[in-house]
Structure formats: C-alpha cells, structure tokens
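The structure under discussion appears below in the form of structure tokens.
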Amino acid sequence: MIEVKCQCGSSFLLEDQWAGKQARCPVCRNVLRVSAAEPADAAPQFAPPTELAPPAELDRPAELAPPTAGRPAAALAPLDSPPLASAANAQVAPRVTSPSTVAARAKSTSDQWIRPALIATSVLAVVVLSGLAVFAFVTSGGSKDDVANRVDPPEQEVVAPERPRAVPAAPVKQAPVDRAQVDTRPITPNSRDASAADVPPVSPPSQAEQETNSATQTPVADPRSSITKQQPPRTPPPKSSGQGLSGVSREYDDFACQQIQQKFGWRVPAAAEFLEIDGERLLITNLESLRRAPAPYLFLPRGEHAIRLRSGEQPLRAEVGEHLATTYAAMRSFFGVGDTIRTNELLARGARAMDVHSTPFLLNLTGASYVAQGDWGAAERKFRRALVVNPLFAPAHLNLAVCRAHANDTEGAAREVRLADTLNVGNVFGIAAAITQLRREQSLPERDEEIVPLEFDRYVSPEPLTEEDRRLAALLTAMSKYAVAQEDRGKILNNVAVHFSDLGKTETALEHFRAALGAIRFAGAQRFSLAEQVFSHMENACRKSGFPEADEYAFMRESVMP
Amino acid sequence: MPSFLFKCCVCLALAASAEAQLLDGEFGDIELGRELIERDRFPTLREIRDAVSKPKTEFVLMLKLYGDANNHHLPVWSPEGERLAAQRSRVGVSSSKILLFESLAAAAPRLLGGEGDVFDYMFRWGINSPSSFVFVRIESETGDSRLYYSGDGTTVEPRTENRGKFFYPSLYERTDGVHWLAYERGGEIVHEAWKDAEASGRAIVSGTSPRWSSDGRRLLIARQVGRLGNLPYYDIVVRQLREERDVVLSSQQRVLVRSPSWSPDETGSAFYERDSREGSPWRIQFAPADGSRPPTTVIPDVVVNPDFNSEGPSWEPSGRRVWCFSNAHREQEFYPLVAADVSNGSVMLVDYPRQATSPNDLAVNPVTTIPELAFVAHDGLTQDLFIVFLNHY
C-alpha cells in the first residue's frame, strides 16, 4: 500500500498498482501524484532519475474513496477516460503537427478542475443521446444499411458536419510523406489524368434504379434482431471505361488517406515494448508483431500527448491539432456509410492503388459495404486486411468483433472488442458507444483490465499452413529481396501466391499476390502487363473459392492498361 | 540438315519440358540480376516444393552478391535482417572501406566515405534503429582511431575526439532520442550517452568488444583480467549495468578469448577461445548468461578471421545452433557449412557449390526462418561476397 498525503491535510492509502499515477482527493478535489515505484536507471542520464516517471500533468486521475477513519481507503476504478468530453467540447484547431517527429514541447495544463466538469456533462449527454439513438433505431424498421452503420457507427456526440454527398476535405497540411513508399503515378500513364470534372465519375444507382432494386429485394431476417431487414442486391463493380482510371477522383484515395494517417496518427517504432499514452498503458502486448505491418500508426485524439514505449525511457511528445473523428466522419459520409454506400468509389480507389493499401481506411469502409450487402465473409476479410495494414486501427477491430459475433465466435468477438476499446485512445474515432454496446451484447464488463496480445498472423489468414508451406513462402520471399529488378521480385512473389492458390488456400494466396503487386507497382514498362496477369490470377483464385472479391479483381484487371 | 532439325527438336522439347514444369499462373522467366553459382536459372515452384519437403537440410540456391577487384570481409546483418554491411580491402594497399547494402536489391553496395585514404572497419548497425550505425576510422596521418556515428544512415559524424585509440563501438538507440554508445578506449570499456548536444560518459571496466543486449540493460564484454606476456588476456562477462555487477561466463583458466556474441534470446553467449600456445586452434564456446554453468565447447578448430575480430560466432534465429566453417571438416579448399548444437555439440554438415573456396566470416540472417547465409570466399583471385539459401533449418 502507498500512503498519499494531500495539501488539504487528508491522507489516504492506495494499492501499489497506482504507483506513478494520479489520484484525486475526494475532500478538496485536488489531483495528487502517487509516488512512482520505478527505480532509476544506473546508466548515464542527463536528468535526475525522476525523469523516468511519467509526466504528472498528463496522467488520468483516479477516483479515491472518501477517507474512513482507521481504515485504508480503497481505490475505485478509474474515471472513464474523458473522450466524449474532448470530442464534444473541443474546438477544431487548425494547428497541425507531424506526429512522426519527436517534438519536446513540455507544457503544463491547468484544466484540472474543468476536466471533471466536462466529463460529467458529457457522460450525461451520451446517456441521453444514446437513448434517443436506440429509440430511433428500433422504430425505424432497420435495414442492412443500418447494419453497416452499426458496424462502424459514428458517435452521436461527435460534432459532425451535415452529410452532404461531397464534403470538402478539411484543410490538410502537407505532412511529410515518404515518397519512396508512395507511388503517385497512376496505373495508366495517360498524359492527362483528368479530374472528376472532366469525365463523369462512376455514380451510384439512380433513384429509378434504386426503386427497381428495392422492389426485388428479398427480405432476410437479421439474426440479431426481430425486425426483418431487406437485403439489397450486391452492387456489381463498374465496367471499365476503357480509359483506365482516368477521371477517378483523388478525394480520399490511398494517397489522401496516407496524409490523414500521418496527420492524426503516430507511427509506433519497431522498438516499442508497450504503448503508454499519457500515463496509461494500453492493454495490449506482443508489439513486436507490428514490425510486419506497413503502417503501424496509433491514432491520437486532439491535444498534446506523452507516449512512452520502453521501460526506463522517457516519454515522447506528440501533438494533434484536430479531431480525427471529424475527418473520419466526413470520410464515411463521402462514401455513404450509413446511407447508400458508394461501393464503386471505394473500388475505384482500390484499383488506383492496385489493391496495395498503405492505410486501413478504405479497406475498412469496403468491409462495411460488404456487410451492407450481406457478405459477411468478404466483409471480415476486408476488416482483417485493414488490420494487416495497421493492427492498431480500432474501427477495424470493432467491425471484426461484430463479424465474429455474427459468426457466434464469442471468444473472438471479445478479443477484438477489447482491442478496439484499448486502441480507441480518447475515443479518437468516436466509436466508444458502439464498443460499449458490443461489450454488453457479449456480456463483457464495461471496462476490464484484460490484456490482449496482438496476433498478427490471425489477421493475415485463418487458413492452416503446413511446415512446407511456411518454408516455401519464407524461402522464396527471402530470395525475392535480392532481385535487382522489381518486376522479377514481383514474379517471385506471384509464384509464392500461385503455390497457395494451387492448394486452395485462397486468402493466403491473395496476401502474396498483393505483395507481388506491391513490387510490380514500382517496376518498369512491364508493370502493366504483369499487373494485369496478377489480377487475373487473383480473380481466378477468388472465383474458385467463391469469393465475391473476384469482381473487384476483374474490375482492376480491366482498369490496368498502358 | 537432319542434325539441324534434330537440334531444333531438342530445343523445342527442352522448352516444352520447362513450360510443363511451371504451375498454372507461375512466372518462369525470372532473372535475379545476380550471378547464380552452379545454376543457370531461378528454381521453379515444383523444384522449391521438392526441396522444402526433404527432411535433410540442403543447399537450394547460391548467388554472388558482390565482387570486384578487391577483397571483401565480415558481412554484418542488420538486426531486422534487411540490410547488410561488409568490409572491402584493397589488394596490396593498407586501406579498408565499408560497403552498405541498404537494400538487398541494390545492384551494387554504397561505399561509405568515398575513395579517400582512410581505414574503416569494426562496423556495427544500431540496435532499435532502422538506419543508424557506427564504425571505426583510422586516420592515416596520425594512426589514431575515431568512432563515427550515423543516425539517418547518410550523414556521418565523429563521436570521439581526434586523438586516441577507440575500438569496437556498439550502438543502442533508445526510443526517447537518447543514444548509448559502448566502446573500447585505450583498453577500457566506456559507456557514453548523448542526446542532441548534451553528452556524458564513464568508464566501466577494462576490456574490449562490448555488445549491448536488446534491452540496453546489459553489456557482453571481454573483460581484461591480466596479461600473458605482452598480450592482455580476458574473460567473457555480462555486465549488469543497473547493479554494476559482472557475471563471468568463460572459464577461469588462462586461455585466449575473443568476439563474444549474444544468443538470439540473450540467455547465453558464444565466443571464440583457444589455448595460449601459439598456433593452437580456435574453438567455439557457449555459456549461459547467468553464469549458472561453466562454458562448454560447441565445436573445435573453427575458421576465424585472423585480421579482424569484431565479429563473433553466428547464431541461427532459433538459438539452437551456431554456424561456422570448421578446419576439422575441410576437404582441401572446400569447407562445408557446419551447424553445431550448443546444447550437446552435435554437428550438421551442409554442402554448397564448391566453386567458392576458402570461405570465412559466415553470418546468418538473424530473422529469416529459413537459412539465409552470407559469407566471403574465393571465386578466382579475390574474395567475394556470397549468399547461400538452404531449404530449412
């Protein structure tokens, strides 16, 4: 037990687990520092050993029980993090910083008394608004779009703009982008990569088409509701215009998403042992698996943050100037999530990226579109792909949890909802209410301290691999690194995929096909014909396995042209 | 005419046979852009499938990564196994350069420091860093050595003053921007830390060849304990930095030890040892890092680099075995690959193309789950850099 003395004269006893954290005196409401237990490092440092303790002002305070004479005070569960307060009340400030740089901006906050008031107000607002939302959902009759909406719903409390069809992108400061990793060349080297104004964009079905479609919909009972829902037909991918992807809007394409990722995300280095944000350690382990992810970005809410990654080391400072939830809501609105999802827009952007995504956003939204169409298997594959790109992407964990729950995999759903919860730092995505709801449905406590390991392979493919499979993939992948020409590297990786496709391990094959495309994108003049062939292989593999993604790859194959 | 037709038929048959070997969707016309040793083409999927299903560990592919008119030494893998450094010495001239493969796909390595008249060696990649490294440069005018550091992999800056003897740097990069450097300075191990313009350092113990553990809490050191004539002699210790305590790993006998290396899980160390008698062969010893057991001989009479001793025995990623070339198993100028189990000393020999002779400086990729081995060997007059792939461990 640790004795804590307040300036008002009160003293309390806390359990050892609160060492290094903050606690609030119930008498005078002052925030106290509980002495840290971590020993100083014997190696040379530049500051006293106290620098090893997390910075006081950024810790979340714990609530102390009122003192009882003669008995130690029991520490209550910590206050819920004030994400809703931050989301609901923070103003969108245009101050942006590149989160990938280590900016040592020590700054003390003086809002200790404001924050609890905001928290209380926001909690009340959530309760009221959530009740209204549930009432609206139950009485609306529901639809598959509502399922898609539920899969990745926005927080009602987030100050989101109206939902126009086209939302102007928030002013984006050009964050530094690693150009070596970004292929800004279009697949088609057309001399004029026309903007959307020049060529009619691929449009969603007209009102007449929608009415026709709705007349032919087959009602499908939603296993999770007594309300019968109608299942819209699968949206076929658009026919290739014969001009490649000229005219496809760049709004929210992979490159734009990379900018969003860099603006709001903080890239976790490979050396991270744990993730401690503002003094609170995320309930996640096995971070070494992040080394395999191309974009291990942790998204942070607006404000300044202290991020610590290893024992005995100082926290790093990161500052985020705007609300990601606002931008994320705008992105969802642009693609019609919660309404009629603009699947074709998502497909076109995937094709532009040659299905090699540098961020998880579009994959996650494409998964939502598959849910809207009732393709739970395809949806789950997209959500898992999003997590292969970035295992720290909370919305995809939440959506995967919904998929697992739909498949009656309670253990899987519980694991994923816990990951969604811990990675939704400060409710940065505005999905806290949905997480809470799913926890209730899975009979999980509203908050628990269960630590979940990141299991990267779980997201790559559920297909069992033999030892020979692993050896073959490792051997050819290792050899491919030595290919001087990217096209040859792509060919080797394609061959790895062919091995798995030949064995009927389609998901694993697709993963390696995408690796091949990742190399082919940077190849020479052969890249178009090679990409066309690889897309053809992917389409064939999907058709053999009955994956609806075959249509996507058919579209991509037709869109690739020199 | 009939012979011409016959030849055409044979060519067509061979082409058809090669095509028949390919699976549906497989690309057959693959050119690595490297010289393949004893193989005229990249293996097909069927051939790879066949290779990985064999129970015995066998050679699959060998390529010459780099060779020119110079001799090459000491390939050093980066911790994530994606980059490779090596040393180049000019024949007939006392000069040494560092070559960097920042990408294994590079047709040629980058020459660190240009063609100036310097002697660069003792290269080490930074731990926990995607780009940093350190090395030693001997100034030709004074004969003094300086340590050089690069954080971004491009800009190189000196870390020590201009006068003195500095050797065996080992770099540990913290996530909070603090850099830790351990090195030998005039026979003492120094631990230096710096961040931006602020720096501090202290001597730890007399010794050489410090190696950071991956958590930065321990150093594997060859600690000086006395002199054998003119030569200092050492034992191998693990220095616990927090407790300032040494755990002795090597035996207490008066033997010569050098080049300790951590096991992949850092629960043990392998190092070279030999008797003090001149000309006695080197052997690989293994000892647990907690000093709970005395060291055991893993394999006797191994090939070590006589000119540079910055690199120690090379471990496979599982930590079960160390890999080396052994004089005990040589066949004239050919040395098979030797994998020795540290727990029981059992040895596995693996052949590879005999075109490469007198090999040395074997370095196992620390990450890949199949054997990806770099070493130097002679294929002609000069010593070139080779990569060998085996079917499995």
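FYI, side chains are in, hydrogens and waters are out, and symmetry mates aren't considered; it's all heavy atoms of this structure. Sequence lines set the chain letters: A, B, ... in the order given, protein chains first and strands last, and positions in each chain run from 1.
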(message) Give me the atom names and distance for the closest heavy-atom approach of B:Gly33 to A:Val484.
(response) O-CG2, 3.8 Å
(request) Over all heavy atoms of both residues, which pair between A:Ala483 and B:Ala105 is shortest? Give the atoms and the distance, please. (result) O-CB, 3.3 Å
(message) Would you say the rings of A:Tyr482 and B:Phe101 are close, in the sense that their centroids are separated by under 6.0 Å?
(response) no
(message) If I measure from the heavy atoms of chain B, does A:Gln533 come under 4.5 Å with its side chain, its backbone, both, or neither?
(response) side chain
(request) Heavy-atom pairs under 4.5 Å with chain B are the metric here; pick the option from A:Glu468, A:Arg291, A:Lys481, A:Glu273 that has the most. (result) A:Lys481
(request) Look only at the side chain of B:Asn391 and the backbone of A:Leu475, and say whether a donor-acceptor pair between them is shorter than 3.5 Å. (result) no
(request) Counting only heavy atoms closer than 4.5 Å, note whether A:His537 contacts chain B via side chain, backbone, both or neither. (result) side chain
(request) Check whether B:Ser53 gets within reach of chain A through its side chain, its backbone, both or neither, counting any heavy atom under 4.5 Å. (result) both
(request) Mind running side-chain contact (heavy atoms from CB on, under 4.5 Å) on A:Leu472 and B:Leu45 for me, showing each step along the way? (result) CA-CA 9 Å; A:Leu472 181 141; B:Leu45 263 181; 4.1 Å; yes
(request) Give, as side chain, backbone, both or neither, the part of A:Leu476 having an atom under 4.5 angstrom from any heavy atom of chain B. (result) side chain
(request) May I ask you to decide whether B:Glu26 forms a salt bridge with A:Lys491, counting only side-chain N to carboxylate O separations under 4.0 Å? (result) no
(message) Need one label for B:Glu82: side chain, backbone, both or neither, based on atoms under 4.5 Å from any heavy atom in chain A.
(response) side chain
(request) I would like to know whether B:Asn128 and A:Arg310 meet side-chain contact (heavy atoms from CB on, under 4.5 Å); could you show each step before the answer? (result) CA-CA 11 Å; B:Asn128 295 334; A:Arg310 293 177 72 94; 3.7 Å; yes
(request) Can you tell which part of B:Ile387 gets under 4.5 Å to a heavy atom of chain A, answering side chain, backbone, both or neither? (result) side chain
(request) Would you name the heavy atoms of B:Ile370 and A:Arg471 that are closest together and state the gap between them? (result) CG2-O, 3.9 Å
(request) Pick whichever of A:Val534, A:Asp502, A:Val496, A:Ile307 has the most heavy-atom pairs under 4.5 Å with chain B. (result) A:Asp502
(request) With a 4.5 angstrom heavy-atom cut-off, could you sort out which part of B:Asp29 is near chain A: side chain, backbone, both or neither? (result) both
(request) For side-chain contact (heavy atoms from CB on, under 4.5 Å), just list the numbers for B:Phe27 and A:Asp488, CA-CA rounded to whole Å, side-chain angles, deciding distance to a tenth of an Å, and then say yes or no. (result) CA-CA 9 Å; B:Phe27 288 113; A:Asp488 290 294; over 6 Å; no
(request) Go through B:Val60, B:Leu65, B:Leu32 and name the one with the most non-hydrogen pairs under 4.5 angstrom from chain A. (result) B:Leu32
(message) For B:Glu31, which atoms come within 4.5 Å of any heavy atom of chain A: side chain, backbone, both, or neither?
(response) both
(request) Let me know if A:Ala474 has heavy atoms under 4.5 Å from chain B in its side chain, its backbone, both or neither. (result) both
(message) Rounded at 0.5 Å granularity, tell me how far CE in A:Met479 sits from CG in B:Leu104.
(response) 13.5 Å
(message) Please give me the minimum heavy-atom distance between B:Gly25 and A:Val498, naming the atom from each residue.
(response) O-CG2, 3.4 Å
(request) Against chain A, label B:Ser129 side chain, backbone, both or neither, depending on which of its atoms sit under 4.5 Å from a heavy atom there. (result) neither
(message) Within a 6.0 Å radius of atom CG on B:Asp24, are there more than 12 heavy atoms belonging to other residues, nucleotides or ligands?
(response) no
(request) With a 4.5 angstrom heavy-atom cut-off, could you sort out which part of B:Tyr393 is near chain A: side chain, backbone, both or neither? (result) neither
(message) Taking side chain as everything from C-beta outward and backbone as N, CA, C, O, which of these in A:Asn495 sits under 4.5 Å from a heavy atom of chain B? Side chain, backbone, both or neither.
(response) both
